[in-house]
Amino acid sequence: MKFASVIVDVAAMQTDREFDYKIPEQWQDAVKPGMRVIVPFGPRKVQGFVTKVKNDSAFERLKNISELLDLTPCLTPELLQLGDWLTEKTLCFKISAFQAMLPAAMKAKYEKIISLIGREKLSEIEILLQPFFEKRNELNWKDIENEIPISVIQKEAAKQNLEIIYEVKQKTKKKMLKYISVNVNKDELRDYYNSLTVQAKKQKEIVHFFLQSEQKSIPMQELLSVLNCSAASVKTLVKKDILIEEEREVYRDPYEDRSFQKTIPLQLNEEQEKAIVPILEAVNDKKHEVFLMYGVTGSGKTEVYLQSIEKVLNEGKEAIVLVPEISLTPQMVNRFKGRFGSLVAVLHSGLSTGEKYDEWRKIERKEVKVVVGARSAIFAPFENLGMIIIDEEHESSYKQEENPRYHARDVAVYRGNYHQCPVILGSATPTLESFARASKNVYKLLTLADRVNARSMPAVEIVDMREELRTGNRTMFSTNLIEKLQDRLAKGEQSVLFLNRRGYSSFVMCRDCGYVIQCAHCDISLTYHRFSQSLKCHYCGHEEHMPTKCPECESEHIRFFGTGTQKVEEEILKVLPEARIIRMDVDTTSRKGAHEKLLTEFGEGRADILLGTQMIAKGLDFPNVTLVGVLTADTMLNLPDFRASEKTFQLLTQVSGRAGRHELPGEVVIQTYTPEHYSVQLASQYDYNLFYEKEMLIRKQHSYPPFYYLSLVTISHPEVTKAASVTEQIVSFLRRELSTQTIILGPVASPIPRIKDRYRYQCMIKYKREKNLHAVLKKVIEHYAQQIAKDDLIIAMDLNPNTLM
DNA sequence: AGCACGCCGACT
DNA sequence: GTCGGCGTGCTC
């Protein structure tokens, strides 16, 4: 008799442990750790992951596993182990860690069905229920839960008139297609063809098709349409065992109808050559090393990636490439598919659940060797990993902002160590954390200081918008920028205008009394949405009408402040009426494929100006772009975020890199209200090193990363006093438990003190070495487990948070 | 989490 | 005397 330890799909403190089950006889040899199963759990059935298979169990009254969902484990031994690590490092539930590693399609869906036990009993049951069973024997719980009191159903269930069935369903199935293939050899087939009479015309055609065809099998649909015959005649042949019918899995391929221009490795320049040598060495020596490839925009990092991967493939190994969601553009995909063709799987949020699942299946079945994808692609179930690349290493989207709050960079280092393979972090503006590690030789620094073909970085001009205002220019464009735009228009060159929306919202304010309209449930101002003429809250979704007069003073001078891309577009057209503008923001790119369409349009020169938000900051490479304008450089600087300067520097550098990437020289105009700020100044001079030094000093002064590690505990509750008092208790507990060198700040109200009618307090922990931190924080959660479950208390823990909001 | 069980007040 | 409210505890 064999037993399985199972982690069940119930994300809760009390169920966050293994439960043992008996493995039924027929699956004794089949069940392996890492497989998904369906198990009875209390009165219901849930999905679970087998973590161990063993010969005994300490528990006595064991139940049987109900169903086995996988033929091969979907979690490799490595991923199972990684699950333990994730659970410990991010303080999440084991089940959440497992689910984060798999495509959403593999998460179970639960259904509750009420089934009538015998038709003859229909008259016995509650009159209320009878009409529902008039035509059918089964009802979906969802359809009746609001129609009939639950007690009625429970009573009938107790009387054995009804049965409640708990079903576990898969979100997405494999896409199956019916295939027809030949079941006999060519000679037999020919004999059979000759034996057919003239009446069997269609059958003859079908057999003839297979006789002259190279392929042994063909999708049913295709066969029918090619020969214009009916399914009946095929069925006849299947019945006679000449043909055979089978279901086969097919992939939903999002790139099916696209062809990729095959590319060959480019000649590397001296710098690239110097950078790739240690990488190839590490591959050769099967050595785990982390490389920080610090390469200015346009220095040809991607070509180094491609040639490194080529080496890895030649060694018979696999590679993972992470790219930020936002720059996972077709341009980027093309570069990888162009070089490695069908060996590449692509994983990003633009794909449907089914498409993502299919790409993942290609990885699982080892049909691809390279994965290009966003954050979660770091969990690709490769078993022979030879390299992990994280492009744009500094991007904050590599950190998941929900449980498990992991950073893909940390997972990459873990996996690199497991597989003893190199990890490459690439960026033009590395995070201070990574650059500091490179300075201490923890990471190996590879530098690409020049752009390929020695093109110079575009000249950057900083425009002081306060000065503009003083000279009477009240528009959002400086005279300088308008002149340059006009110039490009005249020359037929293109411009990119970047509107920094982060940290900036279009709030509504009364010009008479200064009243700002806020959300009723959150302490945050509402955002004006022109499209629906309404005010929305970004945190809870609350929506209300745009008022015609101020709710405070009844003044009619109430209007919205702030700038959306729509507004900017209108403003440009006032000054440059002949300009053709493409606008890119969440509104214009929400439809599938819209993003790509707009970029293609711009690339083909069908517009003069590309106007957009964050999403145009990186990856774009258009030869005709010679001007980049940043409308508001400093909106982020005012956020309560210790990384504000770093993010501003990164963004300005990235955006500047969009201009003059080809023959035509580029120019950049940065508009700002704080031109003297070092992040603006140094970005304009492309001086990363000086920025690094300056920012490091400030981080040191304030005990922020990379000098200290950071953890943030956020406590929320519907009552202010409760939230505050619990935070107070937690802070004093932490002060007792943690070392004296550790800095514990709080309790303080969160930067956003209330979200969805919940008051938020936080406590910040700054530490250098704190061996027991994870255990201590876990103790905190355990201590409040009761209140979390019953009293609507939420304690959120973020180890190494990206933002302090 | 989601469900059953059980204890208490309000009702036929 | 029963119905239904929610607090408590368990799920292999």
Side-chain angles (χ1 to χ4, degrees), chain A residues 1-25 27-28 31 33 35-69 87 91-100 104 107-115 125-129 140-142 144-160 162-169 171 402-404 718 722 781-796:
Chain A
M1 184 57 111
K2 280 189 181 173
F3 307 93
S5 297
V6 174
I7 295 289
V8 292
D9 180 17
V10 181
M13 183 118 248
Q14 294 182 14
T15 51
D16 186 31
R17 59 186 178 88
E18 288 170 335
F19 288 86
D20 286 357
Y21 288 88
K22 285 190 283 189
I23 303 175
E25 200 56 47
W27 297 322
Q28 287 281 298
V31 174
M35 285 183 175
R36 292 170 306 150
V37 288
I38 293 173
V39 291
F41 196 64
R44 54 200 173 123
K45 282 191 173 163
V46 296
Q47 194 183 74
F49 291 87
V50 176
T51 49
K52 291 188 192 87
V53 174
K54 47 193 189 179
N55 291 316
D56 53 75
S57 169
F59 197 82
E60 305 211 334
R61 294 190 326 282
L62 290 170
K63 293 182 181 174
N64 271 321
I65 286 176
S66 330
E67 254 175 86
L68 185 56
L69 293 175
T87 307
L91 300 170
C92 69
F93 301 128
K94 188 69 63 69
I95 188 69
S96 313
F98 289 159
Q99 274 163 356
K107 206 178 156 183
K109 234 175 32 176
Y110 298 98
E111 255 173 38
K112 222 156 119 184
I113 286 162
I114 304 155
S115 166
I125 61 176
E126 183 74 40
I127 201 94
L128 251 170
L129 275 163
N140 219 317
W141 182 279
K142 275 225 169 103
I144 54 146
E145 64 182 341
N146 298 320
E147 311 281 325
I148 298 165
I150 291 158
S151 58
V152 173
I153 294 161
Q154 282 173 331
K155 223 180 294 167
E156 296 301 327
K159 279 196 277 175
Q160 303 266 296
L162 294 178
E163 189 189 4
I164 299 171
I165 302 169
Y166 297 88
E167 281 194 12
V168 183
K169 295 200 164 170
K171 271 214 174 109
E402 60 203 55
N403 273 329
K722 183 79 191 171
I781 299 179
E782 273 159 14
H783 182 260
Y784 289 98
Q786 223 80 6
Q787 291 187 53
I788 290 170
K790 309 254 142 55
D791 190 28
D792 210 7
L793 178 72
I794 298 177
I795 300 178

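In what follows, chains are A, B, ... by sequence order, proteins preceding strands, each numbered from 1. Quick caveat: nothing in here was measured; it's all calculated off a predicted structure.
- Applying the 6.0 Å contact sphere to CD of E167(A) captures more than 12 heavy atoms from other residues, nucleotides or ligands.
- Residue Y166(A) is in sugar-phosphate contact alone, with no base atom involved, counting any heavy-atom pair closer than 4.0 Å across all strands shown.
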Going 5' to 3' through nucleotides 6-12 of chain C and flagging B where a protein heavy-atom sits under 4.0 Å of the base, S where only the sugar-phosphate is that close, and - otherwise, we get --B-BBB
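- Interatomic distance, CD1 of I795(A) versus NE2 of H783(A), reported as 9.5 Å (0.5 Å rounding).
- A donor-acceptor pair shorter than 3.5 Å cannot be found between the side chains of K107(A) and Q47(A).
- Contact check for L69(A) versus I38(A): side-chain heavy atoms found under the 4.5 Å cut-off.
- Whole-Å rounding puts the K142(A) NZ to dG2(B) P distance at 10 Å.
- Heavy-atom distances to DNA chain B give each of Q154(A) and A789(A) a nearest nucleotide, and the one nearer the 5′ end belongs to A789(A).
- Residue contacts for K45(A): at a heavy-atom cut-off of 4.0 Å it reaches no nucleic acid atom on any strand shown.
- Checked by atom type, the side-chain pair D791(A)/Y784(A) shows no donor-acceptor distance below 3.5 Å.
- A straight line from CD1 of I114(A) to P of dC3(B) spans 12 Å, rounded to a whole angstrom.
- Nucleotide dA1(B) holds its C1' atom 14 Å from the CD1 atom of I788(A), rounded to whole Å.
- In this entry the distance linking NZ of K112(A) with P of dG2(B) reads 9 Å, nearest Å.
- A salt bridge links D20(A) with K54(A): the distance from a Lys NZ or Arg NE/NH1/NH2 to an Asp or Glu carboxylate oxygen falls below 4.0 Å.
- Between P40(A) and Y21(A) the shortest side-chain heavy-atom distance falls below 4.5 Å.
- Salt bridge E18(A)/K52(A): present, at least one basic N to carboxylate O contact under 4.0 Å.
- Within residues 48-56 of chain A, no residue has any heavy atom under 4.0 Å from DNA chain B.
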Under 3.5 Å, which protein N or O atoms sit close to an N or O of nucleotides 10-12 of chain B? Give each pair with its distance.
none

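- Rounded to the nearest 0.5 angstrom, I114(A) CD1 and L162(A) CG are separated by 7.0 Å.
- The distance from atom OH of Y110(A) to atom P of dG2(B) is 10 Å, rounded to the nearest whole Å.
- Note that CD1 of I781(A) and CE of M13(A) are 6.0 Å apart. Values are rounded to the nearest 0.5 Å.
- In this model, no donor atom of one side chain and acceptor atom of the other lie less than 3.5 Å apart for D792(A) and Q787(A).
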